[in-house]
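Values below: all heavy atoms of this structure, side chains included; hydrogens, waters and symmetry mates excluded.
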Amino acid sequence: MKMCWRKLAELIERYILLRNQSLMIKLCVFASFLVIFPVLSVGIISYNRSSVELENELRQSSRQVIDQVETHIEYYLQDFEITSLKIINSPELSSLLKSQSLENEDKKKLIESTRNTLKAAEYSRADISNITILLGNNQVIDTLGMRNFYPATKMKEEYWYSSVPLNGMSMLVTRKLTLENNEQPVISLVRRLYNPRTLLPVGLLIIDINFRRIEEISNKVTISENGYFFILDANGHYVYHPDYSKLGKLVEYKQLSKLKTEGSRTEILENERKDFVTYTFSRNLGWRFLTAVPYRDLTGGMIQIEKTISLTILVSLIIAYMIGFGFATSIIRPIRRLQHFMKEVEIGNLEGRVQVDSNDEIGQLTAGFNNTVEKLSDLLEEVYVSKLKEAEMSLKQKEVELKMLQSQMNPHFLYNSLETIRGMALEENQENIATISYSLGKLLRYNLNNHSSTVCLREEINFCEAYLRIQKFRFEDRVEYVFDIPKWAMNLKVVKFSLQPLVENCFVHGYGPNTRKIKIVISVFRHTESSFVMSIVDNGKGIQESILEEIKKRMDQKTTTMNGKNIGILNVHQRIHYLFGSEYGITIQNKHGSGTEVLIHLPILDNHEEGERV
């Protein structure tokens, strides 16, 4: 849990508090927040409140308009109800409906009288386009006569025909009159006709009302520039629409065909324009009166408010940045000067000083840093520089001394001369002389070709063995040597020319009056996990105690001279100290009885460590 809180705190510091960003960015970002948040909060609240008020105002005004339109159209269509009742109750139509047993001549007279009655009713109102009586025997009486190019009998195939009420109530539908040159959309009031004697349905009365008056009413509905008014019947067919091609067709939006039939409501129509629809239901007519306004028109004022708020935020930010830039610069400039000077101090430039322009916290910090740098400069001048020079001189002195010590071991034979001697000896069949010359040449080549301070133990053994072969010719059977070197030690790093000087001491100090044969044993064994020991043991007379004490004293004093004597032991010991440290080196002692034992203590190094030390 603590780890989660720690990570959360780290994320807040990095991405919200801008921990790793420059001070200028932090000031700009925080200043922006101080401007944006208050203005944005006021803008959002104002925008939301304004949009709510605008929507409420539009809903209220739309409902008022629709209620007025509904009232006007209901009163308007009720007049046609009265007209239809007058026609049905006229003597001519009543006689016609009873005339099933009349002769043809009498029936023709009744039809003409009925047509005249229909024409009289049509002439009484300019908004009636046609009145039709469709009897059960497909007999048609209308006021258009030959001008009607749509057979009345086809009305039986239209969608509304089967829905005409059987209780004598009227029904309003939208259809089109087909005239000679055009089609005229009309609202048809349809009512069933009954035989007054049998009370059986014998036909339909259809009064076609043109849209003149309804258009006048609809044009007064000014919702918005792009809004429009339309009417749907109970089955979802268009009764009225500004686009006459939709009249009588089923509404294309399922959302509108499933509207509730109570009260006034508003809906957002999910069409291309995203219309804001307000509607009300007329129980008297069974119609829905609707107004549709594009939502973008409704939000036009809100968009203006949004632009105003955005412009205000932009102007406020510009002013804030202009004012804040100067303020931030006055803070950042001395900090950047101090930062630049600190980088100069990091690379060792302690000469310059930072200009102090104020006495505030930044000015006091700058002055304190100047004093610190000045004291640091003096301290480095007194201590650091002198110590550095001293260390550098010491290193150079050690390097010179190491080269001098190593140079003492350089052979003074001429390799080419030895090769010449070897060739001459081979010509004279002098194998011993040739072997000695070859061994000496091998010693010289080892010295000349390898300039490294350390070599692997295998090379040092080969060099020492070549030296012992030469001594073998000198002392013949009076010398014997044995190498006891394990395989794991062959590649270990040792100091160059470390075995031969110590083996040479076996001949210098080993022979005495009673010495008949010297045996030299050279072996290697592990001392610790990180070190090993090379042992050179002989069975000679040993080193005199006074000389041995003098050697040990010189080794402790780290001097390389002892009147020209025993320089080999001191030389090797000093080089081991220089290369591997004072914890390694040579120990020498006389054995109990006879002989001398020399131990060389060295570290076990891998190639990387050896390379660093060399």
Side-chain angles (χ1 to χ4, degrees), residues 68-99 109-136 139-145 147-148 150 152 155 158 160-161 163-179 183-196 199 201-218 231 233-234 237 239-240 247-248 282-287 289:
Q68 293 176 4
V69 171
E70 179 187 354
T71 302
H72 279 82
I73 292 178
E74 283 182 352
Y75 283 129
Y76 172 66
L77 295 177
Q78 282 177 1
D79 290 342
F80 292 100
E81 288 278 349
I82 297 172
T83 302
S84 67
L85 292 175
K86 288 180 179 180
I87 294 172
I88 292 172
N89 294 323
S90 65
E92 292 81 7
L93 183 57
S94 297
S95 300
L96 180 63
L97 296 177
K98 300 176 185 178
S99 65
K109 290 180 181 180
L110 286 175
I111 290 174
E112 287 300 324
S113 299
T114 302
R115 181 177 284 111
N116 292 331
T117 300
L118 297 180
K119 288 182 178 180
E122 179 186 2
Y123 294 154
S124 65
R125 297 186 65 106
D127 43 12
I128 295 178
S129 297
N130 185 30
I131 301 176
T132 303
I133 293 177
L134 178 61
L135 298 177
Q139 188 172 10
V140 178
I141 305 172
D142 63 1
T143 58
L144 283 177
R147 291 180 297 160
N148 190 353
Y150 183 79
M155 287 190 287
E158 295 182 5
W160 52 267
Y161 186 84
S163 302
V164 179
L166 297 173
N167 57 2
M169 298 299 294
S170 63
M171 182 179 72
L172 295 170
V173 297
T174 300
R175 45 190 298 273
K176 293 182 180 179
L177 289 179
T178 304
L179 304 179
E183 288 185 345
Q184 182 181 14
V186 294
I187 296 176
S188 297
L189 186 147
V190 182
R191 188 188 293 272
R192 287 194 180 273
L193 299 175
Y194 295 88
N195 189 322
L199 300 179
V202 293
L204 294 178
L205 172 64
I206 302 140
I207 302 176
D208 297 323
I209 308 163
N210 60 44
F211 281 90
R212 185 181 303 170
R213 178 59 180 163
I214 294 179
E215 283 182 344
E216 291 177 358
I217 297 173
S218 300
I231 304 172
D233 63 13
H237 294 84
V239 176
Y240 171 77
L247 296 178
S282 172
R283 291 185 177 275
N284 295 327
L285 302 176
W287 289 353
F289 296 86

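- Glu81 is linked by a salt bridge (Lys or Arg N to Asp or Glu O under 4.0 Å) to Arg191, counting only residues two or more places apart in sequence or in another chain.
- In this structure, the side-chain hydrogen bond (donor to acceptor under 3.5 Å, both in side chains) partners of Thr132, at least two apart in sequence or on a different chain, are Asn130.
- Applying the salt bridge (Lys or Arg N to Asp or Glu O under 4.0 Å) criterion to Asp142, with sequence neighbours excluded, gives no partner residue.
- Of the charged side-chain nitrogens involved, none lies within less than 4.0 Å of a carboxylate oxygen, so that Glu112 and Lys109 do not count as a salt-bridged pair.
- Listed by chain and residue number, nothing satisfies the side-chain hydrogen bond (donor to acceptor under 3.5 Å, both in side chains) test with Gln78 (two or more places apart in sequence, or in another chain).
- Residues meeting the side-chain hydrogen bond (donor to acceptor under 3.5 Å, both in side chains) test with Tyr194, sequence neighbours left out: none.
- If you run side-chain contact (heavy atoms from CB on, under 4.5 Å) between Ile88 and each of Ile133, Leu97, Leu193, only Leu193 comes through.
- Trp160 meets the side-chain hydrogen bond (donor to acceptor under 3.5 Å, both in side chains) test with Glu158; sequence neighbours excluded.
- The shortest distance between side-chain heavy atoms of Asp233 and Val173 does not fall below 4.5 Å.
- Applying the 6.0 Å contact sphere to NZ of Lys176 captures more than 12 heavy atoms from other residues, nucleotides or ligands.
- The side-chain contact (heavy atoms from CB on, under 4.5 Å) search around Asn167 returns Pro165, Met169, not counting sequence neighbours.
- At least one side-chain heavy atom of Ile207 sits less than 4.5 Å from a side-chain heavy atom of Ile87.
- Take Glu122 and apply the side-chain contact (heavy atoms from CB on, under 4.5 Å) test, not counting sequence neighbours, and it matches Ile128, Ile131, Thr143.
- Residues passing the ring-ring contact (aromatic ring centres under 6.0 Å, His included) test with Tyr161: none are found, sequence neighbours excluded.
- Annotation: the span from Ile73 atom CD1 to Ile231 atom CD1 amounts to 4.0 Å, rounded to 0.5 Å.
- Applying the ring-ring contact (aromatic ring centres under 6.0 Å, His included) rule to Tyr240 yields the partners Phe211; only residues at least two apart in sequence or on another chain are considered.
- The side-chain heavy atoms of Gln184 and Leu179, taken from C-beta on, include a pair separated by under 4.5 Å.
- In terms of the side-chain contact (heavy atoms from CB on, under 4.5 Å) criterion, Pro91 has no residue partners (sequence neighbours excluded).
- When side chains are defined from C-beta on, Ile111 counts as touching Gln139, because their heavy atoms get closer than 4.5 Å.
- When the side-chain contact (heavy atoms from CB on, under 4.5 Å) test is applied to Ser94, no partner is found at least two apart in sequence or on another chain.
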Check your understanding: Run the side-chain contact (heavy atoms from CB on, under 4.5 Å) check on Phe80 and Ile187 step by step: do they pass?
Key -> CA-CA 11 Å; Phe80 292 100; Ile187 296 176; over 6 Å; no
Practice item. Assess whether side-chain contact (heavy atoms from CB on, under 4.5 Å) is satisfied between Leu96 and Ile141, documenting all intermediate values. Key: CA-CA 11 Å; Leu96 180 63; Ile141 305 172; 3.5 Å; yes
